[in-house]
S.K.: 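For reference, the structure I am asking about is given below.
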Amino acid sequence: MSVGKYVTVEHRPDNIAIIRLDTPDSKVNTLSGPLMAEFEKVLDHLAAHPSVRGAVLTSAKQGNFIAGADITMLSACQTSEELSKLAAGGQQIMDRIANNKIPIVAAINGTCLGGGLEVALACHSRVVTSDPKTTLGLPEVMLGLLPGSAGTWRLPRQIGLSNALPLLLTGQSVRPDRARRLKLVDSVADPFALESAAIKMATSLADQAKTTGKIPGADPHNASTLDKVVERVPFARKFFFQTAKKQTYKKTHGNYPAHDAILAQVEEACTASKAVALASEARRFGDLGMTPESRALVSLFFGQTALKKNRFGKPSREYKKIGVLGAGLMGAGIAQVSLERGFDVVLKDRDLAGLARGMQQIRGNLDTKVKRRQMNKVESDAVMSRLAGVTDVDAARADRQLASADMVIEAVFEDLSLKHRVLGHLEQLVQPHTVIASNTSALPIRDICAGLQRPENVVGMHYFSPVDKMQLLEVITTDKTSAEAKSAAVEVGIKQGKLVIVVRDGPGFYTTRILSPMMNEAGLLLQQGVPVADIDRAMQKYGFPVGPIKLFDEVGIDVGNRIQPTLEKAFGARMSGASTQMLLDLQAAGFLGRKSGRGFFDYAKGQERQGDPPRGHGHCCQVQG
Ligand SMILES: NC(=O)c1ccc[n+]([C@@H]2O[C@H](COP(=O)([O-])OP(=O)(O)OC[C@H]3O[C@@H](n4cnc5c(N)ncnc54)[C@H](O)[C@@H]3O)[C@@H](O)[C@H]2O)c1
């Protein structure tokens with residue numbers, strides 16, 4: 001046994017060595033300078049022991065193989081040249097793995113991302129566990145980068161160009177079954193059998209190498225017929241990459257240089273020698289790393305990582321049961337993310353129709369996940385089994401169920417008097433420690449808790465639509481909110497998988513307040529006759545994921561109509577200008593946005609197209625005055 005700080009090597013009697021990565025004082029392994037230096041020493045050590053026939057490279061961490069490169073190391077670089085040098089260094093280590101005299105098998109349990117997957121790709125074989133935490137991907141594009149340690153060279157050669165390109169361009173990771181179908185990995189094992197499966201694989205590769213003199217799996221070049229045509233026929237290649245560029249542009253609107261660089265790199269690598277391709281990869285990595293887009297995305301990454309910890313300390317108790325009032329778009333979404341993260345949930349609506357709609361929303365979303373193999377049927381049934389639905393029809397049962405909740409999140413209509421009534425009743429039922437949260441979009445929390453007996457237990461928890469997809473959660477505290485309620489809200493939010501920001505109370509809080517002037521301006525443009533598509537396109541081109549008119553539909557036109565007066569009252573001319581009548585007319589005609597199947601856009605039969613709100617009901621594109 002050879003023991004380092006980051007890497008240990010165990011010599012087995014069957015002459016297979018087990019290399020274990022274990023970054024000290026960290027839950028995950030990252031490819032840091034010290035880890036890589038030790039790893040290289042281990043390769044030297046193995047070379048000095050000719051009796052070793054093969055090696056298994058694995059991690060001593062729970063649920064993590066290698067999370068990626070150490071980003072602090074990248075962000076410390078001041079110039080493109082420094083970054084390129086770092087990439088070239090990484091490429092050399094990957095080549096040392098691939099050209100090693102004995103086979104190295106990556107045994108992967110948990111996350112294998114970025115530089116982690118580049119290491120795994122350089123190995124002669126990959127065995128992964130079937131654990132749901134096992135995911136493989138190259139997410140560099142999300143940091144405005146491309147994989148710089150030969151990932152753009154090895155991934156297309158391992159799984160084929162046409163399979164690799166979408167993964168490189170989206171940064172999406174794949175789970176074990178898909179990884180096996182793509183031939184990204186050679187086999188999937190039960191977690192307890194991972195090491196033995198990898199040892200078996202290393203032994204088999206060593207035996208084959210002994211007979212043939214060549215280690216199978218060293219830098220393969222796999223290609224489907226389509227890939228071969230693209231790689232070899234200039235005309236086909238040009239067409240393939242032009243189409244890919246057009247499709248990418250539709251999503252990025254040209255705002256992300258990394259996408260163009262990835263496309264150019266993979267295209268170049270179709271014909272260039274490996275040495276030329278890797279030199280270009282390192283150069284592009286260096287150039288991208290110094291772009292403001294990449295620097296901003298890296299900064300966001302650090303911010304998001306910091307928000308995964310509860311900086312207000314652990315609450316004094318576990319908050320296990322969540323009550324949700326209102327089974328509308330938001331309430332059902334909040335219930336879903338809570339259920340999926342293991343909370344017990346009581347979902348209440350005023351009537352059966354409302355409750356049924358909400359339950360249907362949850363069931364439908366889970367069914368989609370099952371269809372997409374993001375969970376299996378047993379798991380989705382287990383999620384639903386933690387849900388109790390109640391209504392005012394059986395008020396006594398509803399009260400009983402809510403009485404034992406540790407936290408209740410209210411998501412009824414945006415109406416102050418209704419919220420007062422609902423929360424006043426709730427406060428009589430629940431336990432003294434129960435945190436009461438309001439998912440209001442804009443009503444000040446101090447107004448919502450006026451008249452309540454325990455305002456110290458009240459916070460705002462402002463989720464975004466669709467709740468199961470949007471990462472952000474805005475927690476709002478008042479002067480009266482207790483430290484316990486604040487830390488409980490943050491803790492629950494983090495457990496629900498959200499990025500939680502904490503802000504002080506005020507009309508529109510942070511998010512609605514900064515969004516509203518833009519929405520108002522979009523409304524004004526509509527009234528002046530600018531087409532819906534032009535407004536949305538302009539803002540998407542500017543970098544917004546959806547345009548403001550589409551956002552009206554996503555939020556709900558009725559919800560928008562309730563928010564607007566609150567902000568106008570608080571901020572006057574700064575938040576007004578567009579005719580509020582236009583949106584009120586749309587609401588009156590039943591055009592509530594996505595939830596009613598029609599708004600500015602038409603969502604009938606799952607097809608999205610620009611809708612045609614009735615004239616005479618404030619048609620959005622009519623020229624006013
Ligand atoms: N839609 C958004 O994008 C969004 C985003 C953040 C916050 N919000 C806020 O969330 C809240 C709900 O919004 P929504 O879009 O889900 O609205 P919605 O109209 O889809 O749902 C409201 C639900 O509350 C139910 N309800 C009304 N009175 C009730 C009562 N007394 N008891 C139990 N249920 C009752 C209704 O039947 C309905 O099902 C609002 O305060 C809204 O401002 C909405």
Side-chain angles (χ1 to χ4, degrees), residues 323-337 346-362 389-395 397-399 401-402 405 408-426 429 436-445 447-448 459-476 493 498 501 503 507-513 515-516 519 546 548 550-567 583 587 590-597 599:
V324 180
L325 302 181
L329 188 71
M330 299 304 291
I334 296 165
Q336 185 190 329
V337 296
V346 186
L347 178 62
K348 181 186 170 188
D349 206 278
R350 52 186 175 167
D351 53 32
L352 274 170
L355 178 65
R357 199 220 60 81
M359 303 260 271
Q360 191 47 46
Q361 178 180 322
I362 301 172
V390 294
T391 69
D392 277 336
V393 179
D394 187 349
R397 177 165 174 263
D399 288 357
Q401 282 281 357
L402 284 167
V408 179
I409 306 169
E410 150 307 285
V412 298
F413 299 131
E414 185 82 345
D415 174 334
L416 187 58
S417 60
L418 173 66
K419 290 194 192 277
H420 273 157
R421 188 159 53 75
V422 165
L423 295 186
H425 174 71
L426 181 75
L429 309 172
I436 297 181
S438 172
N439 176 50
T440 171
S441 305
L443 295 168
I445 303 302
D447 293 351
I448 287 178
V459 290
M461 286 175 83
H462 183 200
Y463 294 83
F464 298 84
S465 168
V467 182
D468 58 320
K469 304 226 164 63
M470 300 298 284
Q471 273 189 303
L472 191 63
L473 165 64
E474 182 178 37
V475 166
I476 305 114
K498 300 292 165 201
I501 57 167
V503 303
F509 323 119
Y510 170 68
T511 48
T512 308
R513 181 168 171 173
L515 186 67
S516 289
M519 301 299 276
V546 295
K550 185 79 190 296
L551 194 57
F552 274 124
D553 272 5
E554 294 292 341
V555 170
I557 288 165
D558 53 333
V559 176
N561 282 334
R562 287 194 170 107
I563 297 171
Q564 176 60 22
T566 309
L567 293 179
L583 293 178
Q587 181 181 344
F591 286 70
L592 303 187
R594 187 186 281 280
K595 65 181 159 191
S596 68

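Numbering of ligands and ligand atoms starts at 1, following listing order.
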S.K.: Short list, please: which atoms of ligand 1 are under 4.0 Å from a heavy atom of Ser441?
M.R.: 6 (C), 7 (C), 8 (N), 9 (C), 42 (C), 43 (O), 44 (C)

S.K.: Enumerate the atoms of ligand 1 whose separation from the nearest heavy atom of His462 is less than 4.0 angstrom.
M.R.: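 So the atoms of ligand 1 that pass are 6 (C), 7 (C).
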
S.K.: Would you mind running through ligand 1 and noting each atom that sits below 4.0 Å from a heavy atom of Val422?
M.R.: 31 (N)

S.K.: Tell me which protein heavy atom sits closest to atom 9 (C) of ligand 1, plus the residue, atom name and distance to 0.1 Å.
M.R.: Asn439 O, 3.0 Å

S.K.: Which residue, Val390, Leu429, Asp394, forms the side-chain contact (heavy atoms from CB on, under 4.5 Å) with Gln401?
M.R.: Val390

S.K.: May I ask you to identify the nearest protein heavy atom to atom 30 (C) of ligand 1, giving residue, atom name and distance to one decimal place in Å?
M.R.: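 Protein heavy atom at minimum distance: Val412 CG1, 3.8 Å.
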
S.K.: Evaluate side-chain contact (heavy atoms from CB on, under 4.5 Å) for Val393 paired with Leu355, printing each intermediate quantity in order.
M.R.: CA-CA 11 Å; Val393 179; Leu355 178 65; over 6 Å; no

S.K.: For Lys419, counting its heavy atoms only, list the atoms of ligand 1 lying under 4.0 Å from any of them.
M.R.: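 Contacts of ligand 1 toward Lys419, numbered from 1: 40 (C), 41 (O).
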
S.K.: Please name the residue in the list Thr391, Asp392, Asp399 that meets the side chain to side chain donor-acceptor pair (under 3.5 Å) test with Lys348.
M.R.: Asp392

S.K.: Between Glu474 and Thr511 (side chain of the first, backbone of the second, donor and acceptor by atom type, cut-off under 3.5 Å), is there such a pair?
M.R.: yes

S.K.: How close does the nearest protein non-hydrogen atom get to atom 34 (N) of ligand 1, and which residue and atom is it?
M.R.: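 The protein heavy atom lying closest is Arg350 N, 3.3 Å.
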
S.K.: Give the residue, atom name and distance (to 0.1 Å) of the protein heavy atom nearest atom 17 (O) of ligand 1.
M.R.: Lys595 NZ, 4.1 Å

S.K.: Considering heavy atoms of the protein only, find what lies nearest to atom 15 (O) of ligand 1 and give residue, atom and distance to 0.1 Å.
M.R.: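 Answer for atom 15 (O) of ligand 1: Val559 CG2, 3.5 Å.
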
S.K.: Out of Phe552, Phe413, Tyr463, who gets a non-hydrogen atom closest to atom 6 (C) of ligand 1?
M.R.: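 Selected option, by shortest heavy-atom distance: Tyr463.
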
S.K.: Identify which of Leu426, Leu329, Leu325, Asp349 has a heavy atom lying nearest to atom 25 (C) of ligand 1.
M.R.: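 Among Leu426, Leu329, Leu325, Asp349, the closest heavy atom to atom 25 (C) of ligand 1 comes from Asp349.
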
S.K.: Mind checking whether Val555 contacts ligand 1 via backbone (N, CA, C, O), side chain (CB onward), both or neither, at a 4.0 Å heavy-atom cut-off?
M.R.: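 It is both parts that get close, each with some atom under 4.0 Å.
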
S.K.: Checking Arg513 side chain against Pro507 main chain: does a donor-acceptor pair fall under 3.5 Å?
M.R.: no

S.K.: Identify the heavy atoms of Leu347 and Gly331 that sit nearest to each other, and give their distance.
M.R.: CD1-O, 4.1 Å

S.K.: Heavy-atom distance under 4.5 Å between the side chains of Val559 and Lys595, does that happen here?
M.R.: yes

S.K.: Hey, which atoms in ligand 1 end up nearer than 4.0 Å to a heavy atom of Leu418?
M.R.: 28 (N), 31 (N)

S.K.: Counting only N and O atoms by type, is there a donor-acceptor contact under 3.5 Å from the side chain of Gln336 to the main-chain atoms of Asp468?
M.R.: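 No, the answer is negative, given that no donor and acceptor are paired below the 3.5 Å cut-off.
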
S.K.: If you measure from each heavy atom of Arg562 to ligand 1, is any distance below 4.0 Å?
M.R.: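 Checking ligand 1 against Arg562, which is what was asked, there is no heavy-atom contact under 4.0 Å.
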
S.K.: Using non-hydrogen atoms of the residue, decide whether Gly556 is closer than 4.0 angstrom to ligand 1.
M.R.: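 Not so, Gly556 does not reach ligand 1.
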
S.K.: At under 4.0 Å between heavy atoms, which part of Arg421 makes contact with ligand 1: side chain, backbone, both or neither?
M.R.: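 For Arg421, no heavy atom sits under 4.0 Å from ligand 1.
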
S.K.: If you round to the nearest 0.5 Å, how far is CD1 of Ile436 from NZ of Lys419?
M.R.: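 Output value for this atom pair is 13.0 Å.
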
S.K.: I need the nearest protein heavy-atom contact for atom 21 (O) of ligand 1: residue, atom name and distance, please.
M.R.: Gly328 CA, 3.2 Å

S.K.: Heavy-atom distance under 4.5 Å between the side chains of Thr512 and Thr566, does that happen here?
M.R.: no

S.K.: If you measure from NE2 on His420 to CG on Asp447, what distance do you get to the nearest 0.5 Å?
M.R.: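 Interatomic distance, His420 NE2 to Asp447 CG, rounded to 0.5 Å: 7.0 Å.
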
S.K.: Quick check: does Met330 get an N/O under 3.5 Å from an N/O on ligand 1?
M.R.: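 It does: an N or O of Met330 is found under 3.5 Å from an N or O of ligand 1.
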
S.K.: What are the atoms of ligand 1, with element, lying closer than 4.0 Å to any heavy atom of Glu414?
M.R.: 40 (C), 41 (O), 42 (C), 43 (O)

S.K.: My understanding is that only residues two or more places apart in sequence, or in another chain, count here; which of them pass ring-ring contact (aromatic ring centres under 6.0 Å, His included) with Tyr463?
M.R.: none

S.K.: Does ligand 1 have any atom that is closer than 4.0 Å to a heavy atom of Phe464?
M.R.: no

